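Report on the structure given below.
Remember, predicted model here, so these are calculated numbers, not experimental data. Below, all heavy atoms of this structure are taken into account, side chains as well, without hydrogens, waters or symmetry copies.
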Amino acid sequence: MTAFTFAQKAIARAAGLPQVDIGTVVEVEPDRALSHDNSAAIMRIFADTGAKRVRYPERLAITLDHAAPPPTTRHAQNHAEIRRFVREQGIRHFFEIGRGICHQVLSEEALVLPGQLILGADSHTPHFGWMGAFGAGVGRSEMAAIWATGRLWLRVPETLSIELRGSLPEGVTAKDLALHILGRFGADGGTYLSVEFAGEGVASLDVAQRMTLANMMAEFGVKNAYLPPDEKVFHWLAVRYARRTGVGPEEALAQVQKDALYPDAAAPVVARHVVVLDELEPLVACPHRPDHVLPLSAVSGREVHQAFIGTCTNGRLEDLAAAAAVLRRTDGSTRHITVPLIVIPASRTVLQEAVAAGYVQTFLEAGAVLGTPGCGPCMGNHFGIPAPGEVVISTANRNYRGRMGTRESEVYLSSPAVVAASAVTGRITHPAELEAG
Amino acid sequence: MWQKRFEGRVWKYGDHVNTDVIFPGKYTYTLARGPELAAHALEDLDPEFARSVRPGDIIVAGVNWGCGSSREQAVTCLVEAGVQVIVAASFSRIYYRNAVNNGLLPIVCPAAVRAVEKGERIVVDLEQHEIVCRKGRFAFAPLSPALREILEAGGLIPMLRARLAGG
Ligand code: SF4
């Protein structure tokens, strides 16, 4: 009997092979192929291949999220071209501007399921590890090749196991866990690896926390991330699968579970790391690297000029709830921000739920700006680009020099509650430091 | 015919050079291909590069070259600038794939990276699997046959075009 990693099992399934060896290159047929505003560029490469029709149009999913609504004529032309292509090719899973960020939308629509293999023309595709799917990023040419043939080469990666023990203390988030992993093992600590989480600590994380963690493994250099799916995950997906397809609850639950994969206990790994969740504290990534991580206490008091809550890492309802809780005093009054705070929900669904829960009211009362669900200023396209010399505190995943559109600006990364507290004081601030009440 | 030997002048960079400084995100939806890409190559890392790069120049870099975004222009902007080879101590995964798929040769050779200096001329020899520089010769592992096939075809798309045309 041989023991296999999650990555081996998922790639074997997608390659239609009984088993695959680590290090070999195989051709897979992805269950889902994700692209976004970059679909216009992919279309041009697709035309270059000589193919006329997308091989499996029903497997594609396209969102308009990265520069949406379009900030310039050029961006608008891209969107118009994509819409035309979507109609011509009969691509059903197309999401217009305002629907939300690709990773969030495909999760909410249950368009990816546990055990499936999704390739995305986006580096945060390891996001789908939150549900135990195999998600990996690819380039635009590769996406064009998938459109044309339905297939792509993948090398079966080695696996790094990270065991999570215990549970996160009060005030410590999945963002802090992701930053801890980056700070401790370095930005290339997961390069090319399938990073497979294990241990009882996984069960203690809710769905939103799992998304944050798997999503940010992109900054760790991973090929894919994996958290073993459990009842929480199946239930979350089944409700959404039923909503999209119209099947009954039992059928939906059966569908979302049927391809779930779990690594064998004796599967070969290159290393086993252990993270004790109870020992973690709030962390901040300092300019200009996501693995330049310091305890919040070491940087608190530094001046900031803008705060940003959103992105595929931290733009979910739970994130907005944490930020709103910081802005709302126990007597029901609202704290006021002293530097601009931009809040961009990860999806329209998140926005609707945040309105219903009163969080949006809190943000607006506090003086925040609300943006269209999408990527916002995360990669410097629009909606909150900093001026030269300005310092931003953000819930995003990357703080590389120039990432938000201005080379001479600095970006700190933290959890939503810390960003909200910092918007109140204009300095990097632990929420507990705000005056009582 | 696929080139087996590359000789060129070195631009040397450090560790963890990310795709945002190789090709800024703000251009990714407005600039897709063509010579205009080369004008922004390494814009936020080394403004001198785009001004003075010459066809045949070789980039030599530390660990984790190309980490960050999946944007393919971080490869194609260098191809447009005439770079055919990058020698690094290691590459990020997507960058490595994008390089192969666009016919840019990624060579992993930490020892050569330590030895080579900015501005010197080096030779990358694919027959001998070695890099020849002022401080000596350094061997690197041969490319896997699957990747070699893509590079020999000039990249993934030319390979696919040939395949689709051939039925
Ligand atoms: S929110 Fe940022 S990291 Fe996420 S998909 Fe959009 S641009 Fe990429």
Side-chain angles (χ1 to χ4, degrees), chain A residues 25 37-38 40-41 44-46 48-51 66-67 70 72 74-75 78 120-125 136-142 144-145 148-149 152-153 155 157 186-188 191-193 218-219 221-223 288-291 378-382 385 398 400-407, chain B residues 15-33 43-45 47 62-76 89-103 144-147 149-150 155-165:
Chain A
V25 173
D37 298 41
N38 58 13
R44 289 171 212 130
I45 306 172
F46 175 74
D48 272 359
T49 67
H66 274 57
T72 68
R74 217 39 207 270
H75 289 91
N78 277 347
D122 187 278
S123 57
H124 284 93
T125 311
V138 299
R140 293 176 180 185
S141 295
E142 299 186 294
T149 66
L152 192 69
W153 62 276
R155 180 181 171 277
D188 58 351
T191 296
Y192 200 73
L193 301 170
E219 280 54 58
V222 306
K223 176 168 196 139
H288 296 280
R289 280 172 53 169
D291 63 339
C378 176
M379 65 179 302
N381 275 309
H382 60 164
I385 292 169
R398 293 193 174 138
Y400 303 133
R401 189 186 286 285
R403 168 75 180 178
M404 290 186 74
T406 308
R407 187 180 194 279
Chain B
D15 294 337
H16 300 287
V17 171
N18 66 78
T19 52
D20 279 307
V21 297
I22 301 174
F23 190 83
K26 60 189 169 197
Y27 304 127
T28 56
Y29 302 115
T30 49
L31 300 181
R33 42 180 156 175
E43 181 168 290
D44 284 346
L45 176 71
V63 299
N64 206 18
W65 170 269
C67 58
S69 153
S70 62
R71 76 184 61 129
E72 210 159 317
Q73 296 100 317
V75 168
T76 50
S90 64
F91 289 86
S92 87
R93 186 189 77 84
I94 300 180
Y95 197 94
Y96 189 87
R97 293 181 70 96
N98 282 340
V100 170
N101 289 334
N102 284 284
S144 85
L147 302 191
E149 190 192 338
I150 298 173
L156 182 68
I157 297 303
M159 184 172 89
L160 208 59
R161 202 186 303 130
R163 232 194 247 172
L164 290 174

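Interface residue A/R401: backbone and side-chain heavy atoms are both found under 4.5 Å from chain B. Looking at A/T149, only its side chain comes within 4.5 Å of chain B, counting heavy atoms on both sides. When heavy atoms are compared at a cutoff of 4.5 Å, A/L193 does not approach chain B at all. B/N64 touches chain A through its side chain: at least one heavy atom from C-beta onward sits under 4.5 Å away, while N, CA, C and O do not. For A/T191, the part sitting under 4.5 Å from any heavy atom of chain B is the side chain, from C-beta outward, and nothing else. Contacts of A/E219 with chain B are absent, with no heavy-atom separation under 4.5 Å from either backbone or side chain. Of the two parts of B/Y95, neither the backbone nor the side chain holds a non-hydrogen atom closer than 4.5 Å to a non-hydrogen atom of chain A. In this structure, chain B has a heavy atom under 4.5 Å from the backbone of A/A121, while its side chain stays farther away.
Partners of B/R93 by salt bridge (charged side-chain N to carboxylate O under 4.0 Å, His left out), not counting sequence neighbours: none found. Partners of B/R161 according to the side-chain hydrogen bond (donor to acceptor under 3.5 Å, both in side chains) rule, which considers only residues two or more places apart in sequence or in another chain, do not exist here.
The most heavy-atom pairs under 4.5 Å with chain B, out of A/R289, A/H124, A/M404, come from A/R289. For the options A/A218, A/A145, A/P290, heavy-atom pairs under 4.5 Å to chain B are most numerous at A/A145. If you tally non-hydrogen atom pairs under 4.5 Å between each of B/E43, B/H16, B/R71, B/M159 and chain A, the highest count goes to B/H16. Contact count against chain B (heavy-atom pairs under 4.5 Å) is highest for A/G137 among A/G50, A/G380, A/G137. The greatest number of non-hydrogen atom pairs below 4.5 Å with chain A, out of B/P158, B/S92, B/S69, B/A146, is found for B/S69. Counting heavy-atom pairs closer than 4.5 Å to chain B, the top residue among A/A136, A/G120, A/G139, A/S141 is A/S141.
By the 4.5 Å heavy-atom criterion applied to side chains, B/L147 and A/R155 are not counted as neighbours. Between A/H75 and A/N381, the closest side-chain pair of non-hydrogen atoms falls below 4.5 Å. Contact annotation: the side chain of A/E142 approaches that of B/L156 to within less than 4.5 Å [non-hydrogen atoms, C-beta and beyond]. Looking at A/Y400 and B/T19, their side chains never come closer than 4.5 Å, going by heavy atoms from C-beta outward. Contact check for B/N102 versus B/T76: side-chain heavy atoms found under the 4.5 Å cut-off.
Across all non-hydrogen atoms, the minimal contact from B/I22 to B/G66 is CD1-CA, 4.1 Å.
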Criterion salt bridge (charged side-chain N to carboxylate O under 4.0 Å, His left out) on B/D20 and A/R403, from CA distance to verdict: CA-CA 6 Å; B/D20 279 307; A/R403 168 75 180 178; 3.6 Å; yes
